[in-house]
Student: 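Starting off with a structure, shown below.
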Amino acid sequence: MKIVFMGTPDFAKESLEAIYNAGYDILAVVTNPDKPKGRGLKMISSPVKEYAVEKKLKIYQPLKIRNNTEFIEELKQLKPDVLCVVAYGKILPKEVLNIPKYGAINVHGSLLPKYRGAAPIQWAVLNGDKTTGITTMFMDEGMDTGDMILKEEVEIGENETTGELWERLSKLGAKLLVSTLEKIDKIDKKENKTLEEIKKEVNAKKQSDDYTLAPMLNKEISKIDFSKSSNEIKNLVRGLNPIMGAYTRLGNKKIKFWKVEAISNEQLEKSFPELKEYKYRLKNIEPGTILFADKKKGLYIKTKDGAIEVLEIQGENSKKMDIKSFLNGNNIHAGEIFE
């Protein structure tokens, strides 16, 4: 079976590597153009391109797909049986989706129809979901609305970050893509079947209308609101790790939290009897107030329903570090209030 692969990040590279190792005929790889990065603005290739170069695969890096007549004609000339699209980063027009004989297959990082959109893995963590998974589907013109082929569910760890879940799902997605191609490969090639007949033969299923959206994250989401619950703040921190980090301010300094633990009021009072010495009851202390900033006890900050214990932190113009190292070099005190 002849394949054109379209993808960009490390999540997609896992799938490309899997179908290459499975022995499929990869006619070409399509990925996003190289981008300047760092102070020296050195041009950096995508993980997918790096793998394609290593394996000497034909590479295309169009700036755009829609209305790109020259590129679309080149795709048609390749005559692929299947397009494999994994986190490519561009919307494909109908003209491209109609090129392959057996359809365009997408690997999506959620259990569709939940979390249609650009950031399904991130939103599963941000929302504190207990499970998520991978769906493979036939692509159509809608946003992640195509008929589903294979699904597999996984549990999300209580302390698992987006980065950790991303890595696990990239491997699962690669496995399910190969399994999906195997199903398509079993179709009788002697018959000139329509795409609808192919979908029926691989037992593809329509999605329900009970869907949720997972839009691309923006920087506004990353500011911590201490008036929210401890678990909500913990989910924000692990959901934005390692993408951008959740931040707050103490005085005029921006501080990022990379790892925190949620602590209830009951846990606080049990672990720290001295909290009863506060003038007001613990529940009446203003959210954002530092309860402890102690090298032995750690850093605890009041929330709506308890506190967060900060475990990994990054000061302004500094590196990530554990909380004891941070408190050794920064003079902050109980009673101060984060924004």
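A quick note: this is a predicted structure, and the numbers were derived from the prediction, not measured.
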Student: Can you tell if the side chain of Asp81 reaches within under 4.5 Å of the side chain of Ile184, non-hydrogen atoms only?
Tutor: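 Heavy-atom side-chain distance check fails, nothing below 4.5 Å.
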Student: Consider only side-chain N and O atoms of Tyr211 and Asp144, and report whether a donor and an acceptor are under 3.5 Å apart.
Tutor: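 Tyr211 vs Asp144: no donor-acceptor pair found between side chains.
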Student: Give me each pair satisfying salt bridge (charged side-chain N to carboxylate O under 4.0 Å, His left out) with a member in residues 3-25, each pair once, sequence neighbours excluded.
Tutor: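 Listed once each, the pairs are Lys13-Glu17, Glu14-Lys171.
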Student: Parallel, tilted or perpendicular, judged at 30° and 60°: which one describes the rings of Phe272 and Phe292?
Tutor: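 Judged by the thresholds at 30° and 60°, the geometry between Phe272 and Phe292 is tilted.
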Student: Under a 4.0 Å N-O cut-off, is there an ion pair linking Lys223 with Glu339?
Tutor: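 Salt bridge between Lys223 and Glu339, a charged N being under 4.0 Å from a carboxylate O: yes.
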Student: I want to check something: taking the side chain as every heavy atom from C-beta on, are Asp185 and Tyr24 in contact at a cut-off of under 4.5 Å?
Tutor: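 The answer is yes; the side chains approach within 4.5 Å.
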Student: Within the 4.5 Å heavy-atom criterion, are Ile233 and Phe257 side-chain neighbours or not?
Tutor: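 No, too far: nothing below the 4.5 Å cut-off.
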Student: Tell me if the CG atom of Asp209 is crowded by more than 12 foreign heavy atoms within 6.0 Å.
Tutor: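 Open.
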Student: Pick one: which of Asp129, Thr135, Thr132, Thr212 meets side-chain hydrogen bond (donor to acceptor under 3.5 Å, both in side chains) with Tyr115?
Tutor: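 Checked Asp129, Thr135, Thr132, Thr212 against Tyr115; only one passes side-chain hydrogen bond (donor to acceptor under 3.5 Å, both in side chains): Asp129.
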Student: Within a reach of under 6.0 Å around CE of Met43, are more than 12 heavy atoms found that belong to other residues, nucleotides or ligands?
Tutor: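 Yes, the 6.0 Å shell around CE holds more than 12 heavy atoms from other groups.
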Student: Less than 4.0 Å between a side-chain N and a carboxylate O, is that true for Lys175 and Glu152?
Tutor: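 So Glu152 pairs with Lys175 through a salt bridge.
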Student: Can Ile19 be reached from Val202 by stepping across I, L, V, M, F, W or Y side chains whose heavy atoms are under 4.5 Å apart?
Tutor: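 Linked, Val202 and Ile19 end up in one cluster.
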Student: Side-chain contact, heavy-atom cut-off 4.5 Å: Ser15 with Phe5?
Tutor: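 With C-beta onward as the side chain, the pair touches.
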Student: Verify the neighbour count for atom CD of Glu95: are there more than 12 heavy atoms of other residues, nucleotides or ligands below 6.0 Å?
Tutor: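 Not more than 12 within 6.0 Å, no.
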Student: Between Val260 and Ile301, is there a side-chain heavy-atom distance shorter than 4.5 Å?
Tutor: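 Sidechains of Val260 and Ile301: no contact.
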Student: Does a donor on one side chain sit under 3.5 Å from an acceptor on the other, for Asp140 and Thr145?
Tutor: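 Checked: Asp140/Thr145 side chains pair up, N/O donor to acceptor below 3.5 Å.
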Student: Side chains of Ile72 and Ile99, heavy atoms from C-beta outward: is any pair under 4.5 Å?
Tutor: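 Ile72 reaches Ile99 side chain to side chain.
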Student: Taking all non-hydrogen atoms of both residues, which atom of Leu327 and which atom of Ala293 are closest, and how far apart?
Tutor: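 Heavy-atom minimum between the residues: CD1-C, 4.1 Å.
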Student: I need the single residue from Leu181, Val29, Thr180, Val4 that forms a side-chain contact (heavy atoms from CB on, under 4.5 Å) with Cys84. Which is it?
Tutor: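 Running side-chain contact (heavy atoms from CB on, under 4.5 Å) over Leu181, Val29, Thr180, Val4 with Cys84 returns exactly one hit, Leu181.
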Student: Does the side chain of Tyr88 reach to within under 4.5 Å of the side chain of Val48, using non-hydrogen atoms?
Tutor: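 In short, these two side chains do not touch, never coming nearer than 4.5 Å.
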Student: Crowded around Lys259 NZ? As in, over 12 foreign heavy atoms under 6.0 Å?
Tutor: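 Count not over threshold, so no.
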Student: Got a sec, which pairs hit ring-ring contact (aromatic ring centres under 6.0 Å, His included) with one end in residues 124-172, sequence neighbours left out?
Tutor: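 Sorted pair list: Phe11-Trp166.
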Student: Of the non-hydrogen atoms in Ala246 and Val237, which two are nearest, and what is the gap between them?
Tutor: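 Nearest heavy atoms, Ala246 then Val237: CB-CG2, 3.9 Å.
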Student: Can you tell me if Lys253 has over 12 outside heavy atoms packed within less than 6.0 Å of its NZ?
Tutor: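 Atom NZ in Lys253 is not crowded, with 12 or fewer foreign heavy atoms closer than 6.0 Å.
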Student: Any carboxylate oxygen within less than 4.0 angstrom of a Lys/Arg side-chain nitrogen, looking at Lys200 and Glu197?
Tutor: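 Between Glu197 and Lys200 there is no salt bridge, as every charged N stays at least 4.0 Å from the carboxylate O atoms.
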Student: Under 3.5 Å, is there a donor-acceptor pair between the Ser230 and Thr303 side chains?
Tutor: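 Thr303 and Ser230 do have a side-chain donor-acceptor pair below 3.5 Å.
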Student: Taking side-chain hydrogen bond (donor to acceptor under 3.5 Å, both in side chains) as the criterion, tell me which of Thr31, Asn32, Asp34 meets it with Gln61.
Tutor: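 The option that passes is Asp34.
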Student: Yes or no on salt bridge (Lys or Arg N to Asp or Glu O under 4.0 Å) for Glu232 and Lys304, after CA distance, side-chain angles and deciding distance?
Tutor: CA-CA 10 Å; Glu232 285 177 297; Lys304 173 186 176 182; 5.6 Å; no
Student: Indicate whether any N or O donor in one side chain lies under 3.5 Å from an N or O acceptor in the other, for Asn159 and Lys234.
Tutor: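 Side-chain D/A pair, Asn159 to Lys234: present.
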Student: Does CD belonging to Glu167 count more than 12 external heavy atoms closer than 6.0 Å?
Tutor: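 Counting neighbours around CD of Glu167, 12 or fewer heavy atoms of other residues, nucleotides or ligands fall under 6.0 Å, so no.
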Student: Is the number of heavy atoms from other residues, nucleotides or ligands within 6.0 Å of NZ (Lys79) greater than 12?
Tutor: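 Check fails, neighbour count at 12 or below.
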Student: Near Asn328 CG, under 6.0 Å, is it more than 12 heavy atoms from other residues, nucleotides or ligands?
Tutor: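 Yes.
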Student: Measuring only between side-chain heavy atoms, which start at C-beta, is Leu176 closer than 4.5 Å to Val107?
Tutor: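 No, too far: nothing below the 4.5 Å cut-off.
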Student: Side-chain donor-acceptor pair under 3.5 Å between Glu286 and Thr289, yes or no?
Tutor: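 Glu286 vs Thr289: no donor-acceptor pair found between side chains.
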